[in-house]
There are 2 protein chains.
Amino acid sequence: MELYLVIFTFIGAAAALLFALFTARKVLKFSEGTEKMQKISASIRAGANAYLKRQYAIVLVFFAVMFLILGVMAIFGLLTPFVPFAFVTGGFFSALSGFIGMKIATLSNARTANACREGLNRGLRVAFSAGSVMGFTVVGLGLFDISLWFFLLKFVFDLTASEITGAMLTFGMGASSMALFARVGGGIFTKAADVGADLVGKVEAGIPEDDPRNPAVIADNVGDNVGDVAGMGADLYESYVGSIISASALGVAAFGGSITAMALPLILATLGIICSIFGTFLVRTKEGASQKNLLKALSRGTNFSAVLIGILSFPLVWLVLGRENWMIYFAILAGLIAGVLIGQSTEYFTSDTYRPTIKLSDSSETGSATIMISGLSLGMLSTAAPILIIAICVMVSYFVSGGGNSPSMGLYGIALAAVGMLSTLGITLATDAYGPVADNAGGIAEMAGLEPEVRERTDALDALGNTTAATGKGFAIGSAALTALALMASYIEKVQSLEGGAEKIANLSLMNPNVLIGLFVGACLPFVFAALTMESVGKAAQSVVVEVRRQFKEIPGLMEGKGEADYARCVDLCTKASLHEMILPTIVAVIVPIAVGFLLGCTGVVGMLAGATATGFLMAIFMSNSGGAWDNAKKHIEGGDHGGKGSDCHKAAVVGDTVGDPFKDTSGPAINILIKLLSMVSIVFAALVVNFGLF
Amino acid sequence: MELYLVIFTFIGAAAALLFALFTARKVLKFSEGTEKMQKISASIRAGANAYLKRQYAIVLVFFAVMFLILGVMAIFGLLTPFVPFAFVTGGFFSALSGFIGMKIATLSNARTANACREGLNRGLRVAFSAGSVMGFTVVGLGLFDISLWFFLLKFVFDLTASEITGAMLTFGMGASSMALFARVGGGIFTKAADVGADLVGKVEAGIPEDDPRNPAVIADNVGDNVGDVAGMGADLYESYVGSIISASALGVAAFGGSITAMALPLILATLGIICSIFGTFLVRTKEGASQKNLLKALSRGTNFSAVLIGILSFPLVWLVLGRENWMIYFAILAGLIAGVLIGQSTEYFTSDTYRPTIKLSDSSETGSATIMISGLSLGMLSTAAPILIIAICVMVSYFVSGGGNSPSMGLYGIALAAVGMLSTLGITLATDAYGPVADNAGGIAEMAGLEPEVRERTDALDALGNTTAATGKGFAIGSAALTALALMASYIEKVQSLEGGAEKIANLSLMNPNVLIGLFVGACLPFVFAALTMESVGKAAQSVVVEVRRQFKEIPGLMEGKGEADYARCVDLCTKASLHEMILPTIVAVIVPIAVGFLLGCTGVVGMLAGATATGFLMAIFMSNSGGAWDNAKKHIEGGDHGGKGSDCHKAAVVGDTVGDPFKDTSGPAINILIKLLSMVSIVFAALVVNFGLF
């Protein structure tokens, strides 16, 4: 049985990776276009590579230190000896996911621009294929990592199911820390460059976006790759792996050490990969298709995959868990549906085809202050629907899985809902990751001076990318909340399994002051974290602004298009600033749960996790949706409403968009990782806290 | 014993009310100044009166409906028959507090301006005396209401201690609903007028603040009175009463029905009033005093009162609770200290004598987008210190009161910390409420064309008001969090006392999905509430903008100072808009806890209360501090930095201030009331939920 399982999941992982490889080779066959386009693409690539190299150098230090700490703990018997190694592989594969995604994205941007010269459908195919490489690399590597460890722990070291999941949870911590570095560092880079380029270029100098005269333009394009691609890749690797291993761990607890309950999430993930591969073949459109048709083409792929896995998981549950547990199927279904619904709520609040964003663009009539107020309140209001959706999803998946009789069954159900939500990550991530490629293609088209219709086509692709990104964010945030809850449950299981742990975590009542105070402290963390990351973007952006202003002033003939801007300097500046700024937030995320454990005990930690999950979910939605709505309100005005580009309304909307940038692309997504990393750290250091904590 | 207690608290209440009356008569002896000043003051008064009259008419409908609902519940035995009446009196006295405060404030504004013609000290005396009338009216009426009900229930109806506190908790609900109406309605009015006046007057037309040519200028001044005075009066009445009665209720529970534990908060409040009266006599300064000396004069009064009550409460606890419980004294002390510390943290983050606000004003160099980003992150970061202060305060007051052995003793300690924090409310509120009076005085000085040095003096008073308002907010927010926790405990006590209630509320573990989902829903409420109130300000402000623009265009000679603006129309517009907009948020606050009770049961309600308290506390601090810092960054620039008034930096700072207005004066303070109202509603409807809820 176990051997079949490992073979099956290895096949799933291999299928995803081979599909990614095959797609990558297909993309690379396309031409990169004119010499100028090749040159621009090469400098973006060089900048992104240079950034990642330096990022990895810093991250390596962190991992080395953590490896030592975990190693010492293992020597003192507080951890199994596998933990330090599992931690490192988690980080390695997370980084690799981001790296491969970034590599293919920077190789595809000029190719997409060039394909757009021939037609919209061709452009879509190239960009979407690049996204697919990323999507399937993430899920493939994730499943491979899990399968590998399962194989080693089971067949080489012959551990029990519960020992296996215990060790596996710790490579989640490695993946999460790497993801946080990538998201925060990349997020600061991309937004500092973007804000800096916009503030001086668009607002002060009045030159268009992606104009080659703007010294920050290459940095801006590099940022799309290191932030939106490499950051997102590491992030979703972490979500994917985190949801699967927490479900496995809870399955072992719920079914008393049975391997089948542990296997279900793995098989589900494998099936999800296959469904996603089928889905990608449906993403194609006719030449001359409207934007609506493009969206339809993408949705056809994702919807098909979702419906297929929705159907297939029914026999799966029946066969794996037995007919007496078939109701658990509805937990998976609830997760799938909740993901779609949260995505739709995000779209409703952020797309300019719906009322909220149109009203937001109206509020630009009275200036930047009113568009700020309206955007902030739009984001805050938009938290209500996703909270209700997740609440219902949690209730349904808890009770259909039998949580009414056995709470651990219910918690397993919640974890499975998260796996269900992420089962088609291969294709949803493809539709999400294609956005930055199209965005870069537009930049290259502009800088290389291609025909206006090429830019129109890349813009059409890019606009679409904003909508699919909204849906993708729905999945990312929703699954983060569910996974965080599952990890919280795993933490409790873990503590209970430790000697003397059960009594230390017995009183989880809200009337226990340790729980309550943990809750307050945890609730505060996303606020502090958002503040730190936003402040970092502000600082880094300010240094870009100063540099761009300097170049405009000092480089002769730059504004007239005769002088050449010093792009590399801006890239270098962003790199330094963002790497410097990414360290503090990550360290906060690692140290706080340990400190809370020592001071408030295990019950305080659970309170902290609950508080952080609740406000983290809210803040992530609030910030993503405010940011998305400001972005699209600006685009809406650029489309001709309220006086169009250059009008006072447009200027007000640009202010909104600039504030929205760190909201939606730095702080918001990083909070998703934060709430999971907090649980992972708590789990890994549980033994330390139980033995040496004050309570 | 009981009779002595009632006599003692009646004397305390009478002392406060007589002191208020005596001070009011002293203020009224001052002259209102020139005919023009009298005329302006009269029109502000008329506008404020008209607003309150219409507000009360709407509130009356709400109270009538609630009275009927509660009456029907009482008939069916779900409530004691006292509840509907207690509910109404709570609302009545809360409204009366706001009304009297507003009355004296509108009678003192011209008097303060006139006194400033003679000197700064004289101006301070008048404005501070007006604030004192408000402060002592609030505490006097609060204590009177409590004493009256205690007298009736004990000596007329002869109820037990536990029945008495049960009934008394329900007049807290009346006070809270009234306070929410007053805060939200007044908050929308004042900020709509302010934002509207600023956007068109200052930004578009380029005329100074409080310029009589601005048609919204009277509305702006009316707003200060109905929002910052009447709203704050009703609000703090509610906080004061809420903290005392929840402490009494928990005292009864902790000491097994003993009247002494119930009496302690009442006696503490009475002593606090006396200490506050002494404190007010210390608030005076020499002529020609600097702003620093003015601040010293005010702090001398509040600090003296705080130290005095800090000393006196030691023998009080020893005598009332017996020597075996003297450690509870430290709970009161912890509350007092926490209030001061939160106030200092607020001041650090919002005053331009410290680094955060100075750095914020620096970020105006790169425009309104960066000052927005920095201000938002400043506010988010500023949540950390107050959370830690409250966390430590809760831990200390829980454990010194013996919570380690008996949880209900610990909860009593937490409630007493809130009472300690608010014990000197008489004087802290006086220093807080004097701000709007000074602000109005400045407006009148400007409109009446008084000498520039008068305006300078009123400005000095006003600037000081911003600092004391920060401290006042620290107390308001800190006490709200502690009181909300105490009320949560009271809710649990209440449910346990009901038939069949104990088992329904037994499982308050965070692993109970009902608790967890309640937590998520509760955490979302402050976000939604902030969104609704901000959106309302935006809407109302937009209508003011349109009207002011219309008047500038249509009234001939207005800009040249020849035509007369139609002030009344702007007042009327703000009145209508704010009254219309205050209804929805209040109804949400009343209906959600009942709905959560029905759908998720009593455990879900506790989760909701915990979630709402945690994020409510965070959001209130975030919004207040962001708003305060923007305001002072603007003032800092107006003081001459970064190019001073009219520079680009100043324009950016005005945008920040405009966004900050609804943050700090509408949404932020209203959230304080929200978190307590949710608990009060839950308590009153507990029997309904226990009998008819789904869980």
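Throughout, protein chains are lettered first and strands after them, A, B, ... in sequence-line order, and every chain is numbered starting at 1.
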- Under a 4.5 Å cut-off applied to non-hydrogen side-chain atoms, are Leu532(A) and Met380(B) in contact? no
- Item | Heavy-atom closest pair, residues Leu381(A) and Ala531(B) | N-CB, 3.5 Å
- What part of Ile414(B) lies closer than 4.5 angstrom to a heavy atom of chain A: side chain, backbone, both or neither? neither
- Query: Checking heavy atoms, do the side chain of Leu600(B), its backbone, both or neither come under 4.5 Å from chain A?
  - Reply: side chain
- Task: Heavy-atom pairs under 4.5 Å with chain B are the metric here; pick the option from Met488(A), Met372(A), Met619(A) that has the most.
- Result: Met372(A)
- Atom group of Val515(A) that falls short of 4.5 Å from chain B, counting heavy atoms: side chain
- Item | chain A contact via Leu516(B) - which portion, at a heavy-atom distance below 4.5 Å | side chain
- What part of Leu508(B) gets closer than 4.5 Å to chain A, counting heavy atoms only: side chain, backbone, both or neither? both
- Grab the two heavy atoms, one from Ala610(B) and one from Leu510(A), that are nearest each other, plus how far apart they are. CB-CD1, 3.9 Å
- Query: Hey, which of Gly538(B), Gly367(B), Pro513(B) has the most heavy atom pairs under 4.5 Å with chain A?
  - Reply: Pro513(B)
- Tell me, side chain or backbone of Ile492(B) under 4.5 Å from chain A's heavy atoms, or both, or neither? side chain
- Note on the structure: Most heavy-atom pairs under 4.5 Å with chain B, out of Val528(A), Ile392(A), Ile387(A), belong to Ile387(A)
- Which portion of Val546(B) sits near chain A, non-hydrogen atoms under 4.5 angstrom: neither
- Query: Considering only heavy atoms, which portion of Leu411(B) lies under 4.5 Å from any heavy atom of chain A: side chain, backbone, both, or neither?
  - Reply: side chain
- Minimum heavy-atom separation for Met534(A) to Ile373(B), with atom names? CE-O, 3.6 Å
- Please step through side chain to side chain contact (heavy atoms under 4.5 Å, CB included) for the pair Leu376(B) and Val659(A), ending with a clear verdict. CA-CA 10 Å; Leu376(B) 289 167; Val659(A) 176; 4.1 Å; yes
- Note on the structure: Heavy atoms of Leu618(B) and Ala523(A) approach each other most closely as CD1-O, 3.3 Å
- Message: Checking Thr366(A) against Val195(B) for the side chain to side chain contact (heavy atoms under 4.5 Å, CB included) test, could you report, in this order, the C-alpha distance in whole Å, the side-chain angles of both residues, the deciding distance, and whether it holds?
- Response: CA-CA 11 Å; Thr366(A) 34; Val195(B) 170; over 6 Å; no
- Message: Please verify the inter-ring angle class for Phe695(B) with Phe399(A); under 30° counts as parallel, over 60° as perpendicular, anything in between as tilted.
- Response: tilted
- Task: Assign the ring pair Phe527(B) / Phe527(A) to parallel, tilted or perpendicular, where the plane angle (0 to 90°) is split at 30° and 60°.
- Result: tilted
- Note on the structure: For Asp362(B) and Gln542(A), the nearest pair of non-hydrogen atoms, with its separation, is O-NE2, 4.3 Å
- Query: Which of these passes side-chain contact (heavy atoms from CB on, under 4.5 Å) with Phe520(A): Val394(B), Leu388(B), Leu485(B)?
  - Reply: Leu485(B)
- Message: If you compare all heavy atoms of Tyr398(A) against all heavy atoms of Met511(B), which two are closest, and at what distance to 0.1 Å?
- Response: OH-O, 4.3 Å
- Looking at Ile621(B), Asn514(B), Ile390(B), which makes the most heavy-atom pairs under 4.5 Å with chain A? Asn514(B)
- Message: Need one label for Pro662(B): side chain, backbone, both or neither, based on atoms under 4.5 Å from any heavy atom in chain A.
- Response: side chain
- Query: chain A heavy atoms under 4.5 Å from Phe529(B): which part of the residue, side chain, backbone, both or neither?
  - Reply: neither
- Query: Non-hydrogen atoms of chain B under 4.5 Å away: do they reach the side chain of Lys651(A), the backbone, both or neither?
  - Reply: neither
- Message: Counting only non-hydrogen atoms closer than 4.5 Å, does Ser363(B) touch chain A with its backbone (N, CA, C, O), its side chain (CB onward), both, or neither?
- Response: both
- Side chain / backbone / both / neither for Thr370(B) at chain A, heavy atoms under 4.5 Å: side chain
- Message: Given heavy-atom pairs under 4.5 angstrom as the criterion, report whether the side chain, backbone, both or neither of Val545(B) touches chain A.
- Response: side chain
